[in-house]
Each structure stands twice: as structure tokens, then as C-alpha cells.
Undergrad: 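First the structure, then my questions, so here it is.
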Amino acid sequence: MEFVGANILSIEQFERADIERVFDVADAMEPYALRRRVTRVLEGAILGNMFFEASTRTRVSFGCAFNLLGGEVRETTGFASSAISKGESLYDTARVLSGYSDVICMRHPEPGSVAEFAAASRVPVINGGDGHNEHPSQALLDLYTIRKELADKNRQVDGMRIAMIGDLKYGRTVHSLCKLLKVFRDLHLTLVSPAELAMPDDIVDDLRGAGHQVQVSDDLTHSIAHVDIAYSTRIQEERFDSRREADLYRGRFRLNQAIYTQYCEPNTVIMHPLPRDSRAAANELDEDLNQNPNLAIFRQTDNGVLVRMALFALILDVVDQVDRCARPVNWYNRRH
Amino acid sequence: MEFVGANILSIEQFERADIERVFDVADAMEPYALRRRVTRVLEGAILGNMFFEASTRTRVSFGCAFNLLGGEVRETTGFASSAISKGESLYDTARVLSGYSDVICMRHPEPGSVAEFAAASRVPVINGGDGHNEHPSQALLDLYTIRKELADKNRQVDGMRIAMIGDLKYGRTVHSLCKLLKVFRDLHLTLVSPAELAMPDDIVDDLRGAGHQVQVSDDLTHSIAHVDIAYSTRIQEERFDSRREADLYRGRFRLNQAIYTQYCEPNTVIMHPLPRDSRAAANELDEDLNQNPNLAIFRQTDNGVLVRMALFALILDVVDQVDRCARPVNWYNRRH
Amino acid sequence: MEFVGANILSIEQFERADIERVFDVADAMEPYALRRRVTRVLEGAILGNMFFEASTRTRVSFGCAFNLLGGEVRETTGFASSAISKGESLYDTARVLSGYSDVICMRHPEPGSVAEFAAASRVPVINGGDGHNEHPSQALLDLYTIRKELADKNRQVDGMRIAMIGDLKYGRTVHSLCKLLKVFRDLHLTLVSPAELAMPDDIVDDLRGAGHQVQVSDDLTHSIAHVDIAYSTRIQEERFDSRREADLYRGRFRLNQAIYTQYCEPNTVIMHPLPRDSRAAANELDEDLNQNPNLAIFRQTDNGVLVRMALFALILDVVDQVDRCARPVNWYNRRH
């Protein structure tokens with residue numbers, strides 16, 4: 001795809017070469033995200049960070065990614081203050097707001113709304129999540145994390161074994177990740193969920209059509225025994241008839257250090273799109289995993305900044321200029 | 001008027017030379033707003049963008065204007081988080097908040113509140129709208145748009161013919177615009193509204209006192225037949241006894257492409273302060289006008305950034321320095 | 001204490017030398033806060049300004065302090081948009097959010113929450129107020145103001161006479177200030193409150209244990225007759241059985257210009273943590289004091305910016321570099 005000036009609305013836009021391109025640029029962003037260097041390549045540019053639905057981490061991650069490239073961020077959160085509540089069309093909102101910034105990141109509860117907005121926008125638009133539909137930067141950061149974690153163990157995405165665990169029926173994250181995985185080769189996927197929350201058939205069919213091996217299971221321990229990646233998601237209580245019923249499922253999908261030690265291969269990477277539920281009997285990833293070096297959930301959110309910096313740099317055509325505008329960091333950084 | 005260090009509270013402050021000065025500076029801001037150049041003239045300065053009443057577009061427009069001059073923006077929206085809700089006086093709020101920034105833009109639902117705030121502030125204050133009272137930057141951007149649209153057709157504000165349409169009784173926008181128009185010469189104004197929503201007598205008297213010809217009408221098609229500008233506003237349902245009654249009026253004041261083609265001169269410019277209502281039977285400007293090159297509603301909001309940049313540059317006395325701190329833009333811009 | 005990379009969670013961290021160090025750096029920040037010079041020493045750094053409880057003035061003060069050092073601010077206000085509302089632990093929130101910024105300022109209604117957050121954070125955390133527990137930068141700015149106001153009169157904190165007036169039982173501000181005052185010598189404190197709202201015994205004991213003279217009173221005029229500082233706080237109506245009862249107390253603790261002239265020494269400095277209540281019969285500091293040059297309440301909030309700049313500069317280890325990145329201000333400043 002041509003990144004310069006593009007809208008990023010759906011992972012369906014990305015072919016394998018596009019994914020690799022994003023990831024190579026994300027790799028190059030690391031010195032800036034780790035505050036080893038500062039770049040001002042987007043100094044003077046403005047991101048319109050329009051969150052018509054709340055999402056602290058996605059909003060802040062996009063905002064910081066733009067700041068780390070030297071740009072400014074103007075933010076809107078919620079509907080209350082919006083002309084949309086006075087009956088304004090998305091077309092009008094897009095025409096107006098795109099006059100203020102150089103690029104827009106938009107989250108909106110309505111599926112398809114971001115694409116409708118982007119069609120009227122005069123500047124490129126990144127979909128920051130449109131209801132149950134798409135959240136492409138999340139899928140990209142998940143796959144980027146998988147690639148990076150495997151590379152640390154001298155493995156590749158091609159040929160990897162991955163288990164996806166939890167609510168696979170409604171989980172936007174796992175749907176998008178599966179779509180991205182279609183462009184890779186020889187994957188072994190195990191889909192672990194209660195039967196009622198199984199992965200939709202069309203997604204399974206697509207994975208098989210892409211040549212991958214797909215197994216379906218409702219047993220956690222057996223499924224995570226031989227995988228490179230265990231990707232866990234939240235069991236969403238509100239989907240069940242009763243809390244009691246939800247708790248039954250949750251009981252079977254909770255991963256903790258004892259289970260990890262007993263069943264997993266020693267290098268199995270644990271992922272989760274977050275937030276994970278910390279309430280007793282609800283936590284799909286127990287806190288006793290926090291010291292496990294293969295728990296990658298916070299490297300996942302860190303990688304979100306890299307991937308979003310890469311998308312901004314590609315869309316605004318400054319990839320080759322990032323390093324030229326760089327200088328050393330002169331303040332304390334506890335991360336190092 | 002002396003702009004340096006001034007509060008911008010009311011359009012009554014502006015004489016004709018002042019208006020021309022703002023517009024000349026706004027013209028000079030265009031390369032920056034269009035991202036042909038970047039300036040950092042206000043680098044290190046802080047705008048306190050205090051929106052005690054919600055208004056996404058005005059808030060973002062002011063914030064972007066300040067960012068485009070290189071300054072930072074610290075924002076507050078809503079009352080909930082404010083000490084005002086604990087009984088603090090506007091005097092105290094102003095003394096405290098003016099210690100944090102270099103200039104303040106303030107919106108507040110109470111008429112007169114911004115002037116009261118400004119009297120106590122230690123930095124210049126721009127009125128971003130105080131209830132039904134004033135919203136001077138909106139009036140300036142409307143007039144700036146009129147001037148610019150007419151200039152493209154080799155016409156001037158002096159001598160122009162304008163129709164104002166809709167709720168002329170309560171519409172703050174049209175009241176302010178009329179006050180600004182007093183300093184021009186030989187205007188022909190047609191005021192189109194239901195009798196119940198007619199322009200207040202004192203404003204009409206002032207316009208006539210300024211030597212302008214004013215006609216009153218409640219017929220849309222006849223009134224827009226021979227004008228340079230058709231300025232439409234929202235019929236506000238909540239003013240009427242019933243929705244049914246409001247719809248009767250709305251039926252007569254809806255402009256669409258068919259009416260435009262049949263009744264208007266080919267160069268008639270269509271304006272609207274936005275938001276326009278997109279709901280069926282409520283849209284005063286039909287969406288089939290969106291491709292009409294004389295629909296200036298989005299150029300209007302774009303011009304808001306120019307006018308606000310001009311006000312900041314004038315108040316903070318950096319007009320002559322803007323270009324000296326400029327450099328080319330190095331990122332992609334779909335606008336060009 | 002070692003400031004570089006430190007969390008600022010409690011005033012108990014500060015020994016006398018630490019306090020002096022903060023204040024010396026705060027003094028050095030004045031040219032920047034007064035816009036006599038601009039510095040960009042933190043250009044590229046990001047403050048995560050996380051206000052899980054509303055507080056306009058503290059939030060904006062921290063944000064402006066960071067901007068004045070050249071850094072960017074990414075802000076979150078309220079709980080609604082937070083994953084915390086989906087059951088996420090503070091540990092997870094801290095791990096995620098600390099991946100986005102270089103330093104975090106956090107306010108949270110729950111006592112101890114900021115320390116818990118800081119323990120998991122990968123970047124330094126400043127406590128911006130955790131319920132009734134601590135608000136260390138407020139205590140520091142109060143003491144900094146006392147030192148500065150006394151210095152203008154050729155006096156020192158050691159040996160000073162101070163009256164604290166109002167709700168001394170629940171007032172977080174006066175508790176914290178008393179704790180800071182323990183490291184000074186020979187103070188004369190008069191604690192003025194209704195008996196029901198007296199300063200807790202342990203704080204009084206600590207003050208006496210530090211060698212200070214402490215008197216308790218419920219009479220305003222007598223108590224402010226011979227003090228250098230009169231530190232007034234809000235009588236919080238909600239603590240009383242009835243409004244009527246609260247008003248009785250308030251009647252005795254209201255300071256106005258007539259009382260000041262009749263009872264106070266001419267140089268007595270008036271302070272208040274703000275907001276002060278402006279409603280009739282509720283204002284502990286009458287508005288007729290606004291022209292009194294010894295009313296230091298707005299110098300107090302101004303000093304908050306200096307103290308917060310100092311904390312950022314110390315924690316991020318850029319104290320020695322601030323002046324090297326400085327240049328003159330080129331825009332209008334009404335303050336001068």
C-alpha cells in the first residue's frame with residue numbers, strides 16, 4: 001500500500017510487505033521511545049486526537065507517539081461537548097475538524113463511523129477503534145509484539161504456535177489479529193473458549209484457507225502445553241445469563257504461575273490486550289505471573305507507542321527525516 | 001484600538017481600521033495555517049484555554065491557532081473540576097489562573113462573566129463566548145469570510161447585498177455580525193425570519209442609522225434572489241410552542257441546490273455559523289449543496305483559525321516576528 | 001534525599017537541607033515563570049498528568065510548570081475513561097501508563113493510592129494529592145511563600161510567629177505544613193479553631209517535641225494580634241450538624257480589612273490555600289482585603305509554579321542545564 005497520506009481504517013489494507021514496513025519503521029523508533037534520543041521531525045504538526053468514546057490508554061499512547069516525533073496534540077474526549085449532539089452529520093464534523101490538524105486519530109462507538117469520517121476528512125485519519133468493528137493499530141502492536149518476542153528466542157512468526165484464550169466470539173482484538181495472521185505461513189492456532197464464545201466460523205475458515213492448522217478447544221491446560229504464544233483475553237461477564245455461569249468458564253481459563261510451570265514450555269510468551277481484570281475470581285492472568293519474564297503484557301503496551309510512531313511517520317512521509325532531526329536526551333531516565 | 005496586551009471582549013471595541021488590521025494579519029497567517037511554512041514565534045508561551053461551557057470547534061480552533069504560532073495550550077473543560085463549584089468568585093479564579101499562562105481564551109455560559117474575569121486577570125483575555133452576549137472572534141471570522149469570498153469575485157464589503165436567514169431574534173452570531181457591519185458603507189440587508197423570530201428593533205435601527213438599506217421578509221426564495229451572501233442560521237425548535245409549529249417555519253427556510261439554481265444569482269455565497277442540523281426536515285442547508293463551490297461554510301471554519309492566529313499575534317505583539325521564525329514544512333499535507 | 005529519579009510522595013521525605021534545595025531551585029525558576037526568559041531544557045520530555053480526581057488549579061499548575069521547562073503534557077481527568085473502572089489494578093495501570101511518559105503527576109481520591117502506583121511505575125511519580133493523606137507540593141509552596149514573604153521583610157522562618165485558622169482537624173494543608181515546620185527552630189504557633197475542629201493531638205505533640213511554642217485558641221482577633229503569618233482555611237460546612245452551627249463558627253473566623261487594621265501588626269502576611277468561599281457569610285477572607293499588599297494568596301498560587309518547576313528539574317536532573325537552554329522572551333507580557 002501507499003502509506004503517504006493514507007487513512008488507516010482496517011487491517012484488511014495491509015499486505016505482508018506493508019506489515020513488514022510498519023514493523024521496520026517501528027524498530028527504528030525505539031531509541032526515541034526509550035528516550036535515548038529526541039527527534040523534532042514533526043515540530044509544528046498537530047494531531048487531532050478525537051476520542052468520541054473513552055479509552056485512556058489508546059488515547060494517551062497515540063498522543064505520546066505524536067509528541068515523541070515533535071508534534072502537538074489537540075484532544076477531544078466524549079460526546080457531550082460535540083456538535084454531533086446537536087444533530088451535526090459526521091460529514092460536517094469531519095470537514096470542520098480536518099481543517100485544524102495534520103492528521104486525526106478517531107475513536108467512535110459506531111462501527112463504520114471512522115471510515116465515514118475519513119471519507120470527508122481533508123487530512124489522513126487513523127481508526128482508533130470503531131465499536132466492535134476495527135482497531136488496526138491494536139492488531140499491529142499485537143503482531144509486532146509476537147514478532148519481537150519470538151525474535152528474542154530466534155524464532156519467526158512463520159511456523160509459530162499460538163493459543164488464543166477467552167471470549168473469541170466478541171473479542172475485536174483476536175478477530176483483527178487472526179486477519180493479520182492470514183498473510184503468514186504454516187501457523188498452528190489453538191482457539192480456546194467456551195463453546196458459546198467460539199471464534200466465528202468465517203474467521204476460522206479464512207485461517208484454514210490461508211494454510212494454517214486450527215484446533216478448537218475448551219480446555220486451557222491442554223491447549224497451552226505446546227505453544228510459543230498464549231494470548232489471553234477477558235471473559236466478559238455481561239455476555240452470560242448469570243455471573244455464576246460466567247464464573248464457571250472463568251475458572252477454566254485462569255492462567256497463573258503454577259499452571260504455567262506445570263504445563264507450558266519454558267519459553268512460552270504470555271500476552272493480553274489489557275485491561276486484565278484484577279478482581280478475585282475474575283483475573284484471567286494471575287498477579288503471581290507479574291515476575292515471569294515471559295509475561296509480555298506491558299511490553300505489548302510499550303510496543304503500541306512504537307507502532308503508532310511508525311504509522312505517523314509513514315503517513316506523514318518523514319521516515320527518512322526522523323534521525324536527521326535527532327539529538328541526545330539530557331534528562332534522567334529511570335528506564336535505562 | 002491598541003491591540004498589544006488588550007482584552008478582546010466585544011466587537012464594540014473594533015473600529016473599521018481595527019477590523020482591517022486583524023484581517024491583514026489573518027491574511028499573513030495563511031501560509032502557516034495551510035502548512036506551507038512553520039513558525040515558532042510563540043515558542044514557550046502558554047494559552048489557558050478555559051471552556052467552562054462545552055464547544056469542541058471553538059476550543060480546538062483557538063488551541064490549534066496557538067499551536068500554529070508555536071505556543072503550548074493548557075486546557076480546562078466544564079465546571080465539575082473547577083473551584084467555582086466550591087463558591088470561588090470569578091475574581092479569585094481569574095487571579096489564580098492568570099498566573100499560569102500568557103493569554104487566556106474563556107467561554108462561560110453567563111453573559112458578562114468573561115469581562116468580569118478579564119478585569120481581574122493579569123494576562124489578556126479573549127472572549128470565546130459568554131452566553132447570549134458576545135463571541136467576537138466568530139463575528140470577525142464571519143466578516144473575514146465575507147470579505148474574502150467577495151474579493152475572489154472582485155467585489156467589496158462596501159455596497160454588498162446580504163440576506164440573513166433563520167432565527168434572527170436569539171442568534172448571537174447574526175447580532176454580532178450586524179454590529180460589525182455598521183462600520184461599512186451602503187449595504188443592502190434582507191432579514192428573513194418568522195415574525196416571531198425577527199431581528200431586534202435596536203439592531204435594525206442601528207443598521208439604518210449607519211446608512212444601510214434594511215428589508216424585512218419572511219419569504220426565503222424571494223429574499224435570496226439578488227444577494228451576494230446568503231447567511232443561514234439554525235431554526236431553534238426549542239423556541240416554539242410545538243415541534244409542528246417549528247417545522248412549518250423550517251419548511252420555508254430550507255435552502256437546497258434546486259432552490260439555489262432556480263432563484264440565486266450564480267455567484268451567491270452560502271454561509272452558516274455551524275453546526276447545521278442534518279436531521280431530516282430540519283436541515284436549513286441541504287446536503288446536496290455540499291458540492292456547490294459557493295458553499296463557504298467550511299472555508300468559514302478554516303478562516304476561524306486565521307482570525308484567531310491574528311488576534312494572538314496582535315495581542316502578544318509578535319506580528320512582525322512571525323515570518324522571521326519561519327521554516328518550510330517537511331511533512332506530507334493532503335491539502336496542497 | 002537524592003532527588004534524581006525520586007518519587008515525591010510525602011513531605012516526610014524532606015529534611016531541612018532538602019527543603020532548602022527545592023527552594024533555591026525554585027528561586028532560580030522565577031525568570032522563566034515571569035516570562036523574562038524561555039528555557040527548552042525538557043524539550044521532548046512528556047509529563048503524564050493523571051488527575052483521577054478533579055482539581056483545575058493543581059492540574060494546570062503542574063502542566064504549566066512542565067511546559068515552562070519545555071516539556072509536553074499528556075493529560076487524563078476523571079475515572080470514567082479509565083480501565084480502573086473495568087477492574088484493572090493500580091499496578092497494571094502504573095505499568096502501562098509509565099511506559100508513555102518521563103514523569104507522572106497523579107491525583108487520586110484514595111489515600112495511599114499514589115504510593116502504590118509509584119511502586120509499580122517505571123518513571124518517577126509526584127503525588128498531586130491522595131485524598132486526606134498527602135499533597136506535598138502544596139505544603140512546599142506554602143512554606144516557600146512564607147519564606148519569601150518573610151524575607152521581603154528581612155525575617156526568617158526560624159523564630160517566626162504563625163496563626164493557623166479554621167478547620168484544623170480535617171485540613172490536609174495545615175497538617176502537611178505543620179509537619180514541614182518541624183525542621184525549623186523556635187516557632188510560635190497559634191492554632192485557632194472551634195474546639196470540635198482542633199488540630200489533632202499527635203501533630204501538636206510533634207510541634208512541641210520539635211521545640212516550638214504552641215498555643216490553642218478559639219478567638220480570632222486575639223490570636224492574630226502578634227503574628228507574622230495568618231494562615232486561614234475554609235470552615236467546611238459539611239462537617240457540622242447544621243448550617244446554622246457552621247455559620248456561628250464562621251462568624252468568628254472571618255478576617256476583613258477593618259479587623260486587620262484594628263488587630264494585626266502592619267506587616268502581617270495573610271495566606272490561604274484557596275479556594276476561598278465568596279458566598280456571603282461564608283467568606284473567611286473578605287474581598288475588601290484584595291487591595292491589601294500583605295494578602296499573599298495569589299503569590300501563593302504563583303509560587304506553586306516555581307516549586308513544581310523545581311521538583312521537575314531536580315527529579316529529572318536538569319537543574320544545571322536550565323539556564324544554558326535559555327533565551328529572551330519576544331512576546332508581550334502584561335505582568336512586567
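Keep in mind that this is a model prediction, so the values were computed, not measured.
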Undergrad: Between CG of B:Asp92 and CZ of C:Arg57, what distance do you get to the nearest 0.5 Å?
TA: 8.0 Å

Undergrad: First locate atom OG of B:Ser89, then atom CG of C:Asn283, and finally report the distance between them rounded to the nearest 0.5 Å.
TA: 9.5 Å

Undergrad: Roughly how far, to the nearest 0.5 Å, is OG of B:Ser101 from CG of C:Leu68?
TA: 10.0 Å

Undergrad: Who among B:Met50, B:Arg122, B:Arg74 has the most heavy-atom pairs with chain C under 4.5 Å?
TA: B:Arg74

Undergrad: Check whether any side-chain heavy atom of C:Trp331 lies under 4.5 Å from a side-chain heavy atom of B:Val41, and answer yes or no.
TA: no

Undergrad: What's the separation between atom OG1 in C:Thr56 and atom CD in B:Glu88, rounded to the nearest 0.5 Å?
TA: 9.5 Å

Undergrad: Just how far is it from atom CG of B:Asp102 to atom OH of C:Tyr332, taken to the nearest 0.5 Å?
TA: 11.0 Å

Undergrad: Is it true that, when you exclude B:Arg21 itself, more than 12 heavy atoms of the residues, nucleotides or ligands shown sit nearer than 6.0 Å to its CZ?
TA: no

Undergrad: For C:Val305, which atoms come within 4.5 Å of any heavy atom of chain B: side chain, backbone, both, or neither?
TA: side chain

Undergrad: Given a strict heavy-atom distance threshold of 4.5 Å, which part of B:Val103 is in contact with chain C: side chain, backbone, both, or neither?
TA: neither

Undergrad: Does CD belonging to B:Glu15 count more than 12 external heavy atoms closer than 6.0 Å?
TA: no

Undergrad: What verdict does the side chain to side chain donor-acceptor pair (under 3.5 Å) test give for C:Arg334 and B:Ser121, after you've listed the backbone C-alpha separation in whole Å, the side-chain angles of each residue and the deciding distance to 0.1 Å?
TA: CA-CA 10 Å; C:Arg334 197 195 278 173; B:Ser121 171; 4.8 Å; no

Undergrad: Is any side-chain heavy atom of B:Glu43 closer than 4.5 Å to a side-chain heavy atom of C:Arg40?
TA: yes

Undergrad: Quick check: do B:Thr76 and C:Arg59 have side-chain heavy atoms less than 4.5 Å from each other?
TA: yes

Undergrad: Specify the closest pair of heavy atoms between C:Glu75 and B:Glu75, including all atoms of both residues, with the distance to one decimal.
TA: OE1-O, 4.1 Å

Undergrad: Heavy-atom pairs under 4.5 Å with chain C are the metric here; pick the option from B:Ile315, B:Leu97, B:Val123 that has the most.
TA: B:Val123

Undergrad: Is chain B contacted by the side chain of C:Leu69, its backbone, both, or neither, given a heavy-atom distance below 4.5 Å?
TA: neither

Undergrad: Can you tell me how far the CG atom of B:Asp317 sits from the CG atom of C:Asn333, to the nearest 0.5 Å?
TA: 11.5 Å

Undergrad: Count the heavy-atom pairs under 4.5 Å between each of C:Asp302, C:Thr301, C:Asn67 and chain B, then report the option with the highest count.
TA: C:Asn67

